[in-house]
Amino acid sequence: MGTAVLRGLGLLLAAVLTMSPLMTVARAGAVTVVPVGKAVGIKLFSDGVVVVGTSEIATENGNVNPAKACGLREGDIITHINSTEVDTIEEVSALLQELEGEAMSIRAIRDDKQVQLTATAALCSADGAYKLGAWIRDSMAGIGTVTFYCPDTGAFGALGHGINDVDTALLMPLDSGSILPATVAGVEKGKAGDPGQLQGVFDTDSTLGLLHANTSGGVFGVMADSGWVEGTPVEAAQRSEVQSGEASILCNISGDRVEEYGIEISKVFAENPDDCRDYLIKVTDQRLLDATGGIVQGMSGSPILQNGKIVGAVTHVLVDDPASGYGIYVGRMLQQAAVG
């Protein structure tokens, strides 16, 4: 069994599902799901390769930077070189060696628009390889938490925020991805100015589910292993039902055990389509404060419960106050998942 040890997603990765309505209806207009709160490993492979920076290449004629010279920018997503689609670093490198310094066409996505550029790779004098001078990324991995699961269809949502590239802070374009069984091996406690994080171990040879979407409100997909989820379906609250006051979260901070901890919803913000911070929350349960210091990276996606209903998920921690953070309204996640 292959394993990988990685640190939490949370703020580090702080992150369109085309599925028909999937949830069980308990009353007219109501949606029911199983609140999960279990940690998982998350792997995401990008649709295209993301440019995260550029650098000069040493050649026999001096230092050059073909990527910068042709107009490539940090955050551009390279999708094609000439007529060949590229999704991995290896594919880009192989094409550059095949072209041997010939002029090439680069098709990229920038600010949701397609741009066409022309570049010529340079021959690096240090290793004899043709290079573009662009640092690129094609995948990310880490630990996060599953928020909800629909037993009727296998649909799930996790994180409560999108998976963003750590260098460009842009939402990673999803080509494929999966969630993997995980256990929490340790916790680095959060303190003012230094958010903590879960330390997880996950099985790289097993797949719990496949991702379909990476959106501002979370990652979404379909669970392959229904036996992994435990719990009873509850209704998703209407936005008008969520109130300031006592609530709780389900989270996994040790092994694979999920426990319920008390929190307070300090404030319910007015709905803003451009901002997924719907609640200000504060951990009040001394057990969780003693164990983690409050909200730590990797807890993103922990479901928030109030009055017997799921109302949202934990998304971010306040850097200067690890006991406090933000939550997203569950209806926003369901809408971005195109369910309900």
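In this chain, numbering begins with 1 at the start of the sequence shown. No experiment lies behind these values; they were computed from the predicted model shown.
In this structure, R239 does not pair ionically with E241, as no charged nitrogen and carboxylate oxygen lie closer than 4.0 Å. R287 has a carboxylate O that lies under 4.0 Å from a charged side-chain N of E259, or vice versa, which qualifies the two as a salt bridge. Ion pair K282/E264 not flagged as a salt bridge, since none of the NZ, NE, NH1 or NH2 atoms sits closer than 4.0 Å to an Asp/Glu carboxylate oxygen. D275 and R277 are joined by a salt bridge, as a carboxylate oxygen and a charged side-chain nitrogen come within less than 4.0 angstrom of each other.
With hydrogens and angles disregarded, no donor-acceptor distance shorter than 3.5 Å links the side chain of S93 to the backbone of E90. Side chain of D138 to backbone of T88: no donor-acceptor contact under 3.5 angstrom is found. In this structure, T183 contributes its side chain and A185 its backbone to no donor-acceptor pair below 3.5 Å. Not one N or O on the side chain of K191 forms a donor-acceptor pair closer than 3.5 Å with the backbone of G196. Distance alone, capped at 3.5 Å, places no donor-acceptor pair between the Y130 side chain and the T120 backbone. Panel note: side chain S324, backbone L318; no donor-acceptor pair is recorded below 3.5 Å. Panel note: side chain T207, backbone G209; no donor-acceptor pair is recorded below 3.5 Å. Between the side chain of N252 and the backbone N or O of K38, no donor-acceptor pair lies under 3.5 Å.
Note: the hydrophobic cluster containing V50 does not contain I136 (ILVMFWY, side chain heavy atoms under 4.5 Å, direct or indirect links). Under a hydrophobic-cluster definition in which Ile, Leu, Val, Met, Phe, Trp and Tyr are linked whenever side-chain heavy atoms come within less than 4.5 Å, directly or via other members, I281 and I253 are assigned to the same cluster. The hydrophobic clustering, which links ILVMFWY residues whose side-chain heavy atoms are closer than 4.5 Å, places L170 and V51 apart. Cluster membership for I106 and I109, using ILVMFWY side-chain heavy atoms within less than 4.5 angstrom, is not shared. Tracing side-chain contacts under 4.5 Å through hydrophobic residues (I, L, V, M, F, W, Y), one never reaches L174 starting from V49; they form parts of separate clusters.
Here D47 contributes atom CG and N214 contributes atom CG; the two are 11.5 Å apart, rounded to the nearest 0.5 Å. Going from atom CD of E98 over to atom OG1 of T84 covers 7.5 Å, rounded to the nearest 0.5 Å. Rounding to the nearest 0.5 angstrom, the gap separating the CE atom in M140 from the CG atom in D165 is 5.5 Å. The line from OG of S83 to NE2 of H80 is 8.0 Å long, rounded to the nearest 0.5 Å. Taken to the nearest 0.5 Å, the CG atom of D256 stands 8.5 Å off from the CD atom of E230. Going from atom CD1 of I263 over to atom CD1 of I304 covers 5.0 Å, rounded to the nearest 0.5 Å.
The aromatic rings of Y326 and F269 are tilted relative to each other, their planes meeting at an angle between 30° and 60°.
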Item to check | W135 and T54: CA distance, side-chain angles, deciding distance, side chain to side chain contact (heavy atoms under 4.5 Å, CB included) verdict | outcome: CA-CA 6 Å; W135 294 101; T54 63; 5.8 Å; no
Item to check | side chain to side chain contact (heavy atoms under 4.5 Å, CB included) evaluation trace for T32 with V234 | outcome: CA-CA 5 Å; T32 66; V234 301; over 6 Å; no
Checklist entry - Please walk me through it: do L72 and L132 pass side chain to side chain contact (heavy atoms under 4.5 Å, CB included)? => result CA-CA 10 Å; L72 273 173; L132 191 57; 3.9 Å; yes
Item to check | Verdict with reasoning, V86 to I78, per side chain to side chain contact (heavy atoms under 4.5 Å, CB included) | outcome: CA-CA 7 Å; V86 291; I78 299 173; 3.9 Å; yes
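Counting heavy atoms from C-beta on, the side chains of T232 and V34 never come closer than 4.5 Å. Contact of the E91 side chain with the D87 side chain is registered, since non-hydrogen atoms from C-beta on lie closer than 4.5 Å. A 4.5 Å side-chain heavy-atom check between S248 and Y261 finds every atom pair outside the cut-off. The closest side-chain heavy-atom distance from P195 to V317 is below 4.5 Å. In this structure the side chain of H212 reaches within 4.5 angstrom of the side chain of V222, judged on heavy atoms. Considering only heavy atoms from C-beta on, L99 comes within 4.5 Å of I81 through its side chain. Inter-residue side-chain proximity for F156 and L211 is flagged as met; some heavy-atom pair is nearer than 4.5 Å. Residues L305 and E260 form a side-chain contact, since some pair of their non-hydrogen atoms from C-beta on lies under 4.5 Å apart.
The two atoms that bring F202 and G142 nearest to each other are CE2-O, 3.8 Å, heavy atoms only. Counting all heavy atoms, side chain and backbone alike, T204 lies closest to K43 at O-NZ, 4.3 Å. Pairing each heavy atom of I89 with each of R137, the nearest pair is CD1-CA, 4.5 Å. Closest approach of A236 to L334, counting heavy atoms only: CB-CD1, 4.0 Å. When all heavy atoms of E246 and Q306 are compared, the pair lying nearest together is O-NE2, 3.1 Å. What you find for C276 and Q336 is that their closest heavy atoms are SG-NE2, 4.1 Å.
Within a 6.0 Å sphere centred on CG of D111, other residues, nucleotides and ligands contribute 12 heavy atoms or fewer. Summarising the local packing, CD of Q97 is surrounded by more than 12 heavy atoms from other residues, nucleotides or ligands at distances under 6.0 Å. By the 6.0 Å contact criterion, NZ on K68 is open, its count of non-hydrogen atoms from other residues, nucleotides or ligands being 12 or less. The environment of CD in E60 is sparse: at most 12 heavy-atom neighbours from other residues, nucleotides or ligands sit within 6.0 Å. Within a 6.0 Å radius of CZ in R73, no more than 12 heavy atoms belonging to other residues, nucleotides or ligands are found. Within a 6.0 Å radius of CH2 in W228, more than 12 heavy atoms belonging to other residues, nucleotides or ligands are found.
Each of T315, I42, T147, T145 was evaluated against L159; a single residue qualifies, I42, per the side chain to side chain contact (heavy atoms under 4.5 Å, CB included) test.
No hydrogens or angles considered: nothing links the side chains of T168 and E74 as a donor-acceptor pair under 3.5 Å.
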